[in-house]
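Report on the following structure.
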Amino acid sequence: QVQLVESGGGLVQAGGSLRLSCAASGRAFGSYAMGWFRQAPGKERKFVAAISRSGGDTYYADSVKGRFTISRDYAKNTVYLQMNSLKPEDTAVYYCAAGVVFGTMRSEYGYWGQGTQVTVSS
């Protein structure tokens with residue numbers, strides 16, 4: 001079991017930046033690939049970014065590539081999502097997830113946080 005708690009969401013103007021954090025507790029943090037997903041109102045939850053168990057591999061959705069960066073800190077059992085050049089279409093609830101597979105599908109992640117709201121104003 002692993003518990004995930006996100007933080008760092010908020011309201012920001014277009015072009016601004018936010019850094020989301022996801023603190024993990026429970027079983028060994030390094031045993032899991034970590035991912036970020038987001039869900040806009042009335043839409044499905046979609047993949048944003050993922051980082052492998054070793055931290056050596058990352059993958060991004062095309063919509064955020066070049067603007068968002070995922071990273072992990074093993075000493076703090078925390079995964080981050082640095083979001084730059086934010087756009088109104090980035091507005092969503094952002095969820096952190098942990099899984100044994102480094103992938104992009106929701107079904108590949110067995111553990112989820114409660115989500116944190118990100119709102120980008122135009």
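Starting from 1, each residue takes its place in the sequence as its number.
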Quiz item: Looking only at heavy atoms, what is the nearest atom pair of Ala50 and Gly103, with distance?
Solution: CB-O, 3.7 Å
Quiz item: Do you know which two heavy atoms are closest between Cys22 and Met34, and how far apart they sit?
Solution: SG-CE, 4.4 Å
Exercise. Give a yes or no on whether the backbone of Gly115 and the side-chain of Glu6 come within a donor-acceptor separation of less than 3.5 Å.
Key: yes
Quiz prompt | Ser17 to Ser85 - nearest heavy-atom pair and separation | solution = OG-N, 4.3 Å
Quiz item: Does NZ belonging to Lys65 count more than 12 external heavy atoms closer than 6.0 Å?
Solution: yes
Practice problem: Give a yes or no on this: more than 12 heavy atoms of other residues, nucleotides or ligands lie within 6.0 Å of atom OH of Tyr60. | Solution: yes
Practice problem: Determine whether Trp36 and Cys96 make a side-chain contact, defined as any pair of heavy atoms from C-beta on separated by less than 4.5 Å. | Solution: yes
Quiz item: In terms of hydrophobic clusters joined by side-chain contacts under 4.5 Å, are Tyr95 and Tyr80 together?
Solution: no
Quiz item: Can you get from Ile70 to Val2 by hopping between Ile, Leu, Val, Met, Phe, Trp and Tyr side chains that sit under 4.5 Å apart?
Solution: yes
Exercise. Let me see the working for Gln117 and Thr91 under side chain to side chain contact (heavy atoms under 4.5 Å, CB included), right down to the final yes or no.
Key: CA-CA 8 Å; Gln117 176 71 46; Thr91 295; 4.0 Å; yes
Quiz item: Linking I/L/V/M/F/W/Y whenever their side-chain heavy atoms sit closer than 4.5 Å, directly or via other members, would Ile51 and Tyr109 fall into one cluster?
Solution: no
Quiz item: Is it the case that more than 12 heavy atoms not belonging to Arg53 sit under 6.0 Å from its CZ atom?
Solution: no
Self-check item: Check: Phe47 and Glu108 side chains under 4.5 Å, non-hydrogen atoms
Solution: no
Quiz item: Do the non-hydrogen side-chain atoms of Met83 and Leu20 ever get within less than 4.5 Å of each other?
Solution: yes
Exercise. Using the rule that two of Ile, Leu, Val, Met, Phe, Trp, Tyr join whenever any of their side-chain heavy atoms come within less than 4.5 Å, decide whether Trp112 and Phe102 are in one cluster.
Key: yes
Quiz item: Is the NZ or CZ atom of Arg106 both under 6.0 Å from the centre of the six-membered ring of Phe37 and within 45° of that ring's axis?
Solution: no
Self-check item: Shortest non-hydrogen separation from Arg38 to Ala92 and the atoms involved
Solution: CB-CB, 3.8 Å
Quiz item: Any link between Val5 and Leu81 through a network of hydrophobic side chains (Ile, Leu, Val, Met, Phe, Trp, Tyr) touching at under 4.5 Å?
Solution: no
Quiz prompt | Distance-minimising heavy-atom pair for Val48 and Val64 | solution = O-CG2, 3.6 Å
Practice problem: Could you tell me whether Asp90 and Lys87 have a side-chain N and a carboxylate O separated by less than 4.0 Å? | Solution: no
Practice problem: Verify, without hydrogens or angle tests, whether Arg72 (side chain) and Ala33 (backbone) share a donor-acceptor contact under 3.5 angstrom. | Solution: no
Exercise. May I ask you to test the Tyr32-Tyr111 pair for a side-chain heavy-atom distance under 4.5 Å?
Key: yes
Quiz item: Thr78 and Ser21: which non-hydrogen atoms are nearest, and at how many Å?
Solution: CG2-CB, 4.2 Å
Practice problem: Please check if atom CD in Gln114 has more than 12 non-hydrogen atoms from other residues, nucleotides or ligands closer than 6.0 Å. | Solution: yes
Exercise. Kindly determine whether Lys76 and Phe29 satisfy side chain to side chain contact (heavy atoms under 4.5 Å, CB included), including the steps that lead there.
Key: CA-CA 9 Å; Lys76 296 182 178 180; Phe29 178 63; over 6 Å; no
